[in-house]
Amino acid sequence: MHSKNVYITTTLPYVNAEPHVGFALELVQADMYARYRTLQGDDVFFNTGTDEHGLKIYRKALEEGKDPQAYVDEYAAKFRALKDTLGLYPGLHFIRTTDPRHTAAAQEIWRRCRGSGDIYKKKYKGLYCVGDEAFIKESELVDGKCPNHPSMEPIEIEEENYFFRLSAYGDRVREYLSRDSAVIPEWRRAEALAFVERGLEDFSISRVKEKMPWGVPVPDDDTQTMYVWFDALTNYISTLGWPFDSAQGKPGQNLFDTFWVDGETLQLAGKDQVRFQSIMWQAMLMSAGLPTTKRVVYHGFVTSGGKKMSKSLGNVIDPLAIVGAYSADALRYFLARHIHPFEDGDFTMERFHEAYTANLVNGIGNLTARIMALAAAHLSEGVQPEPADFPPEYGAALDSFEFNRAADYVWGRVQALDQKITETEPFKLVKADVEKGRALIAELAVELYAIGRMLNPLMPGTSAKIEEAVLSNKKPETLFPRKE
RNA sequence: AGCGGGGUGGAGCAGUAGUAGCUCGCCAGGCUCAUAACCUGGAGGUCGCGGGUGCAAGUCCCGCCCCCGCAACCA
């Protein structure tokens, strides 16, 4: 097996709210895949970070009487903490859109798009709501007023902004979207193509600095700030040190060439991101003369009680609270197996608790305890399992991002092993015939080890505990304590 | 209106055309190594409704019914 370079990134969450379980899903999916590829011997660059510019953040910071930079620093720290909270890949890279190397990269991609003739200045006339300090579309009006500020009269305003010539990229984007695996799952490809067929319109990529100072300055025009989308999308390559030679890579290694140009590139995003990730960002890359993303995987949304989570409904699931009350691996398990990888999935505490008890406490937790109790009592030393490849069925599920199927496979093995213990009765055999009993128990330990290894991408903490228990021949602390 | 998703045993879900499966609950039995756990068997389904294509349809095609999301916080 020859190793490949694999680039994986999530989208960057906008830092105007606490970490959301939906983002936890995206991070965990990306992390499982990153760990899987690492185990396969591939070289993985795994990126996430925070999107920190824009009017919403600027206004919110001012409302709270904070300096915008201090405000985003606070949030960035919270999101960075997810690395430990969720048990993420140790080599995870974290980019902030306020990092100097990022803002420099955003300016450079701007220059390149401009060099290709795809950026131009245009007067934009529209209805503007002073309350929101934003343009509103005709279709958004309620009784001719802004839905957020019904007491204010929208005013017609003219503003000059820069635009990106997306309209010139229809054919090339269509060709891109037709490539194998450009959009995963397959059925979202049609959705992306439908956007293109409807006709791509140029989009505004800057704001007047006076009104929106919290952003990346537009090169060679100090009256304008980049619109947050244009800036944020660049993070996927600024994190690699583009366009500068990487200071963070191995000596002599250019991370951008290694992972973006020569690597397998993979982005994860929510289902509402198709236009941004598979169309706008790809067109920006084309304009800048850079390779497009090989695959973009879109997950569904996490609902709660069948409804979209909202503070007013009070059905918001806080990933930090779950991890605190249960564990990171318990959350990862639920997200992997009980939330569909591509479609909307429902997350309620009842479902979560049920799955925790049935499959973690009574399942893998109990299985580990029963085998390791036997092993510790009857074997003189830990077994040393031969390294083995993942079963094809398991690998195939992960290759296609079907984490639920991968987990189903592992739990099928858990059940089969419980069954085997009942049928072969090692606890009796070891009394009747010590040698045969020991051989059987060793066999069970080897199988437990194989399960532990398969859990590595999904539940790294649990995986390590099981492997350690088998190798050292010790019954571990209770893996999943019973709750309630 | 339009767009997207969904309707599978009591509940929640998976299902990539070829004997309808998983978790929970229920009933009966087994085991005692293990976290009052584990194993076996059983009851319980006209896979929303009606057509169509196929040797074969939960799965593909057409029509219809019902539910959810598409203002904001929010992925």
Side-chain angles (χ1 to χ4, degrees), chain A residues 10-14 16-27 56 60 132 136 139-142 146-148 150 185-188 190-191 194-195 198 268-274 298-303 305-313 316 337-340 342-346 348 350-378 396-397 400 402 404-405 407-408 411-412 414-431 437 440-441 444 475 477-483:
Chain A
T10 66
T11 50
L12 299 195
Y14 200 60
N16 61 344
E18 301 296 316
H20 189 277
V21 72
F23 180 60
L25 172 70
E26 190 170 311
L27 266 178
K56 276 191 209 168
K60 202 154 173 196
D132 283 335
I136 38 180
S139 59
E140 291 172 342
L141 295 177
V142 177
C146 166
N148 299 327
E186 178 59 35
W187 47 268
R188 284 218 186 276
E191 195 181 317
F195 281 122
R198 237 172 276 159
L268 278 83
K271 66 177 185 180
D272 58 342
Q273 291 284 313
V274 174
Y298 294 96
H299 61 258
F301 285 172
V302 180
T303 59
K307 303 230 161 104
K308 191 172 175 177
M309 286 183 205
S310 78
K311 286 174 188 164
S312 47
L313 277 176
V316 174
R337 192 177 185 201
H338 298 278
I339 298 293
H340 194 283
F342 308 130
E343 299 192 53
D344 290 0
D346 204 44
T348 61
E350 290 71 26
R351 280 192 71 200
F352 177 82
H353 187 264
E354 181 189 309
Y356 177 82
T357 302
N359 306 120
L360 299 183
V361 177
N362 298 345
I364 186 69
N366 182 60
L367 177 67
T368 302
R370 70 194 298 211
I371 290 176
M372 289 320 300
L374 285 169
H378 300 290
S400 55
E402 293 171 276
N404 56 341
R405 248 182 57 204
D408 282 347
W411 263 265
V414 168
Q415 198 180 11
L417 195 45
D418 263 327
Q419 205 173 328
K420 181 170 178 173
I421 295 170
T422 302
E423 283 164 6
T424 56
E425 302 183 309
F427 40 89
K428 277 187 191 167
L429 184 61
V430 78
K431 287 175 192 161
L440 175 58
I441 291 167
L444 298 172
K475 184 180 171 184
E477 293 287 302
T478 301
L479 293 181
F480 297 100
R482 198 166 291 280
K483 302 281 178 182

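Side chains are part of it too, since the values below use all heavy atoms of this structure and drop only hydrogens, waters and symmetry mates. Each chain gets a letter, A, B and so on, in the order the sequences are listed, and its residues count up from 1.
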message = Reading 5' to 3' and counting Watson-Crick or G-U wobble pairs with both distances under 3.5 Å, write the dot-bracket notation for RNA chain B, | for bases paired outside the strand.
response = .(((((((.[[[[.)..(..]]]].(((((.......))))).....[[[[[..)....]]]]])))))).....
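A/Glu26 places no side-chain N or O within 3.5 Å of a backbone atom of A/His299 that could act as its donor or acceptor partner. Using a distance-only test at 3.5 Å, with no hydrogens or angles considered, no donor-acceptor pair links the side chain of A/Thr478 to the main chain of A/Pro481.
Looking at the side chain of A/Lys56, the nearest of the listed nucleotides B/rU35, B/rC74, B/rC38 is B/rC74. Comparing B/rC74, B/rA75, B/rA34 by their nearest atom to the side chain of A/Ala17 picks out B/rC74. Set against B/rC31, B/rG12, B/rC38, the side chain of A/Asn366 has B/rC38 as its closest nucleotide. Among B/rC31, B/rU40, B/rU35, the nucleotide with an atom closest to any side-chain atom of A/Arg482 is B/rU35. Taking the side chain of A/Val302 as heavy atoms from C-beta on, and the options B/rC31, B/rC38, B/rA75, the nearest nucleotide is B/rA75.
Taking only side-chain nitrogens and oxygens, A/Lys475 never comes nearer than 4.0 Å to OP1 or OP2 of B/rC33. Contact between the side-chain N/O atoms of A/Asn16 and the OP1/OP2 oxygens of B/rC73 is not found at any separation under 4.0 Å. Applying the 4.0 Å criterion to OP1 and OP2 of B/rU35, one finds that A/Arg370 has every side-chain N and O outside that range. Contact annotation: A/Gln419 side-chain N/O to B/rU40 OP1/OP2 distance is under 4.0 Å.
Rounded to an integer number of Å, the gap from CD1 of A/Ile441 to P of B/rA34 is 12 Å. Rounded to an integer number of Å, the gap from CD of A/Glu425 to P of B/rC38 is 17 Å. One interatomic measurement links the two molecules: CG of A/Leu417 to P of B/rA34, which rounds to 16 Å at whole-angstrom precision. One interatomic measurement links the two molecules: CG of A/Asp346 to P of B/rG5, which rounds to 18 Å at whole-angstrom precision. Here the P atom of nucleotide B/rU32 and the CG atom of A/Leu374 are 13 Å apart, to the nearest Å. Atom CG in A/Asp272 sits about 16 Å away from atom P in B/rG4, given to the nearest Å. With rounding to whole Å, A/Ile371 atom CD1 is found 13 Å from B/rA34 atom P. For the pair A/Phe23 CZ and B/rC73 P, the computed distance is 18 Å after rounding to whole Å.
Side chains of A/Trp411 and A/Arg337 form a contact here, defined as non-hydrogen atoms less than 4.5 Å apart. Between A/Lys483 and A/Val361 there is no side-chain heavy-atom pair separated by less than 4.5 Å. Side-chain contact between A/Ile441 and A/Val430 is present, with heavy atoms from C-beta onward closer than 4.5 Å.
For the pair A/Phe301 and A/Phe427, both in contact range of RNA chain B, the more 5′-proximal nearest nucleotide belongs to A/Phe427.
With its glycosidic angle within 90° of 0, B/rG54 is assigned syn.
In this view, A/His340 satisfies the side chain to side chain donor-acceptor pair (under 3.5 Å) rule with no residue, not counting sequence neighbours.
Between B/rU59 and B/rG6, the distance separating the two P atoms is 13 Å to the nearest Å. Here the separation of B/rA56 from B/rC66, taken at their P atoms, is 32 Å to the nearest Å. Separation of the C1' atoms belonging to B/rC27 and B/rC70 is 46 Å when rounded to the nearest angstrom. Nucleotides B/rC73 and B/rG25 are separated by 41 Å at their P atoms, to the nearest Å. Annotation: B/rG9 and B/rG44 have their P atoms spaced 14 Å apart (nearest Å). Using P as the reference atom, B/rC47 and B/rG5 are 23 Å apart when rounded to the nearest Å. For B/rG18 and B/rG58, the C1' atoms lie 13 Å apart once the distance is rounded to whole Å. Look at the C1' atom in both B/rC13 and B/rC49: the space between them is 23 Å, to the nearest Å.
We find the NE2-CZ distance between A/His338 and A/Phe352 to be 9.5 Å, quoted to the nearest 0.5 Å. In this structure, CG on A/Asp408 lies 6.0 Å from CG on A/Asn404, to the nearest 0.5 angstrom. In this structure, CG in A/Leu444 is found 5.5 Å from OG1 in A/Thr424, a value given to the nearest 0.5 Å. Note: A/Asp346 CG to A/Thr303 OG1 = 3.5 Å, rounded to the nearest 0.5 Å. Interatomic distance, NZ of A/Lys475 versus CG of A/Leu374, reported as 9.5 Å (0.5 Å rounding).
Note on residues 366-375 of chain A: pairs passing salt bridge (charged side-chain N to carboxylate O under 4.0 Å, His left out), not counting sequence neighbours, are A/Arg370-A/Asp418. Contacts classified as side chain to side chain donor-acceptor pair (under 3.5 Å) and involving residues 354-363 of chain A (residues at least two apart or in different chains) are given here: A/Tyr333-A/Asn359, A/Asn362-A/Arg482.
When heavy atoms are screened at a 4.0 angstrom cut-off, A/Leu479 is found touching base atoms of the nucleic acid.
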request  = Run the numbers on A/Ile339 and A/Leu25 for side-chain contact (heavy atoms from CB on, under 4.5 Å), then give the verdict.
outcome  = CA-CA 9 Å; A/Ile339 298 293; A/Leu25 172 70; 4.1 Å; yes
Every protein N/O lying under 3.5 Å from an N/O of nucleotides 15-17 of chain B:
| from | atom 1 | to | atom 2 | distance (Å) |
| --- | --- | --- | --- | --- |
| B/rG15 | OP1 | A/His340 | NE2 | 3.3 |

inquiry  = I'd like to compare against my own output: the B/S/- annotation of nucleotides 22-30 of chain B with a strict under-4.0 Å heavy-atom distance to protein.
reply    = -BS------
